[in-house]
Amino acid sequence: MDHAMILAKKAADLGEVPVGAIVVSPNGDFLADAHNEVISGSDPAGHAEILALRRAAEKFGSERLTGCDLYVTLEPCTMCAAAISFARIRRLYFAAFDVKAGAVENGVRFFNADTCHHSPEVYGGVGETAASELLKSFFAARR
């Protein structure tokens, strides 16, 4: 999660919402990482999770990242939760809970839906304090 936080800080420095994500292979090796690039990439799907999953799939040689784990600094939204499910991520670790747009422990609780084909193991609140503080300071500076 420390590396994901470094990426989140980089995103904040670029004016992006500070979210970072890392994909780790089944044997624990680093596969890919990303931070939000919604603004810089003019991409509404440029969330850290989506970008990290895309890069990992390319490296892994498959759209299925079976056995891989994802670390992200903010609870994934519905779009990202769906991508995590489709990628067959084994474990999802996230730092800060997102009561407004989160879709894992909040909101639609995507992985609990009958229509969800794959649910990863979920570990929320890993490094929550640091991630929450970064997000709060980022948004406070913009108000």
Side-chain angles (χ1 to χ4, degrees), residues 1-139 142:
M1 195 61 78
D2 291 338
H3 183 65
M5 281 299 299
I6 291 168
L7 294 166
K9 290 174 185 171
K10 183 177 178 183
D13 291 344
L14 297 170
E16 299 278 358
V17 174
V19 179
I22 298 172
V23 179
V24 177
S25 74
N27 63 2
D29 293 334
F30 168 84
L31 269 178
D33 65 5
H35 58 73
N36 273 4
E37 295 180 22
V38 173
I39 297 166
S40 60
S42 299
D43 180 4
H47 291 199
E49 302 95 306
I50 299 289
L51 298 173
L53 290 171
R54 284 178 183 159
R55 292 170 187 165
E58 187 175 325
K59 248 184 169 176
F60 207 58
S62 173
E63 76 284 4
R64 301 283 191 232
L65 299 171
T66 306
C68 294
D69 299 334
L70 176 67
Y71 294 80
V72 62
T73 59
L74 182 62
E75 178 180 353
C77 69
T78 306
M79 173 182 68
C80 293
I84 291 164
S85 177
F86 291 143
R88 304 299 194 263
I89 289 294
R90 174 179 58 180
R91 292 185 196 108
L92 166 65
Y93 299 89
F94 70 86
F97 292 85
D98 187 348
V99 296
K100 290 184 180 179
V104 177
E105 298 291 334
N106 292 286
V108 300
R109 294 187 163 102
F110 186 86
F111 300 129
N112 295 333
D114 290 339
T115 55
C116 180
H117 296 291
H118 170 78
S119 300
E121 293 176 33
V122 176
Y123 301 91
V126 179
E128 178 181 12
T129 302
S132 293
E133 288 174 4
L134 177 60
L135 286 157
K136 286 176 188 172
S137 64
F138 174 82
F139 287 113
R142 275 145 185 74

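All heavy atoms count here, side chains included; hydrogens, waters and symmetry mates do not.
- Heavy-atom neighbours of E121 CD from other residues, nucleotides or ligands within 6.0 Å: above the threshold of 12.
- Closest approach of V23 to C68, counting heavy atoms only: CG1-CB, 4.0 Å.
- A distance of 3.5 Å separates NE2 in H47 from CE in M79, rounded to the nearest 0.5 Å.
- Taking a 6.0 Å sphere around CZ of F86, one finds it holds 12 or fewer heavy atoms contributed by other residues, nucleotides or ligands.
- Between Y123 and Y93, the angle of the ring planes stays under 30°, which puts this pair in the parallel group of the 30/60° scheme.
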List the atom pairs, with distances to 0.1 Å, where a side-chain N or O of residues 48-56 and a protein N or O form a donor-acceptor pair under 3.5 Å, not counting sequence neighbours.
residue : atom : partner : partner atom : Å
R55     : NH1  : D33     : O            : 3.0
R55     : NH2  : E37     : OE2          : 3.3

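- Between the T73 side chain and the G20 main chain, a donor and an acceptor come within less than 3.5 Å of each other.
- Atom CG of L31 is separated from atom NZ of K59 by 6.0 Å, given to the nearest 0.5 angstrom.
- Taking the ring centre of F138 as origin, the terminal cationic atom of R142 falls inside the region bounded by 6.0 Å and 45° from the ring axis.
- Taking all atoms of both residues into account, the shortest heavy-atom contact from P76 to I84 is CG-CD1, 3.8 Å.
- With hydrogens and angles ignored, the 3.5 Å screen pairs no side-chain donor or acceptor of S132 with any backbone N or O of T129.
- To the nearest 0.5 Å, atoms NE2 (H118) and CZ (R88) are separated by 7.0 Å.
- Between the side chain of S119 and the backbone N or O of F111 there is at least one donor-acceptor pair closer than 3.5 Å.
- Considering every non-hydrogen atom in both T78 and F110, the closest pair reads CG2-CD1, 4.2 Å.
- Annotation: D29, atom CG; neighbour count of heavy atoms from other residues, nucleotides and ligands within 6.0 Å is above 12.
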